[in-house]
Amino acid sequence: MYEDIKGQIERGELAAGDQVPSVLGLQEIYGIATATGQKVHRALRTDGLIRTEPGMGSFVVEPPPSLE
């Protein structure tokens, strides 16, 4: 899931400011446990790909970092 979302950001399918699926959304899309979805969000935040705004959701950072 992490690689899938990272790839979407790299390909421009998710642009700066776009909302990424919530933990619940990841559960529905990928059929995963809550803890797994939380780990994916944590990894995306740690790598500087997304930011989370409490009560609003998680969004691709502006501008997205250069990905190699």
Side-chain angles (χ1 to χ4, degrees):
M1 291 140 300
Y2 169 85
E3 290 297 328
D4 186 34
I5 294 170
K6 179 181 175 185
Q8 290 178 44
I9 294 169
E10 290 173 333
R11 292 186 300 273
E13 295 170 19
L14 287 172
D18 284 353
Q19 190 167 8
V20 298
S22 65
V23 172
L24 179 59
L26 292 175
Q27 284 179 272
E28 293 173 0
I29 294 167
Y30 296 101
I32 59 168
T34 300
T36 303
Q38 291 169 338
K39 287 178 185 178
V40 170
H41 268 243
R42 188 176 311 115
L44 290 166
R45 278 194 306 274
T46 298
D47 290 348
L49 298 172
I50 66 170
R51 62 177 163 57
T52 300
E53 297 180 18
M56 297 292 292
S58 296
F59 303 87
V60 177
V61 295
E62 296 182 37
S66 296
L67 301 173
E68 298 178 25

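Just so it is clear, the values below take in all heavy atoms, side chains as well, and ignore hydrogens, waters and symmetry mates.
Nearest heavy atom pair, residue V60 against residue V20, reads CG2-CG1, 4.0 Å. Considering all non-hydrogen atoms of both residues, D18 and E13 come closest at OD2-O, 4.0 Å.
Connection of I29 to I9 is established within a shared hydrophobic cluster, with ILVMFWY side chains joined at heavy-atom distances below 4.5 Å, either directly or through further cluster members. Note on I32: it does not cluster hydrophobically with V23, by side-chain heavy-atom contacts below 4.5 Å among ILVMFWY residues.
Judged purely by distance below 3.5 Å, without hydrogens or angles, the side chains of Q19 and S58 never pair a donor atom with an acceptor atom.
Listed for the Q38 side chain is no donor-acceptor partner under 3.5 Å among the backbone atoms of A33. D47 places no side-chain N or O within donor-acceptor distance of the main-chain N or O of L44, the cut-off being under 3.5 Å. Put simply, the side chain of T46 gets close to the backbone of R42: a donor and an acceptor are under 3.5 Å apart. Within the 3.5 Å criterion, the main-chain N or O of P21 finds a donor-acceptor partner in the side chain of H41.
If you take CD on E10 and CG on L49, they are separated by 8.0 Å, rounding to the nearest 0.5 Å. Atom OG1 of T34 and atom CG of L24 lie 7.5 Å apart (nearest 0.5 Å). Distance OG/S22 to CD/E28: 7.0 Å, rounded to 0.5 Å.
With contacts defined as side-chain heavy-atom distances shorter than 4.5 Å, the pair I5/V40 qualifies. When side chains are defined from C-beta on, Y2 does not count as touching T36, because their heavy atoms never get closer than 4.5 Å. Within the 4.5 Å cutoff, side-chain heavy atoms of D4 are placed close to those of Y30.
Shown here are the salt bridge (charged side-chain N to carboxylate O under 4.0 Å, His left out) partners of R45, two or more places apart in sequence or in another chain: there are none.
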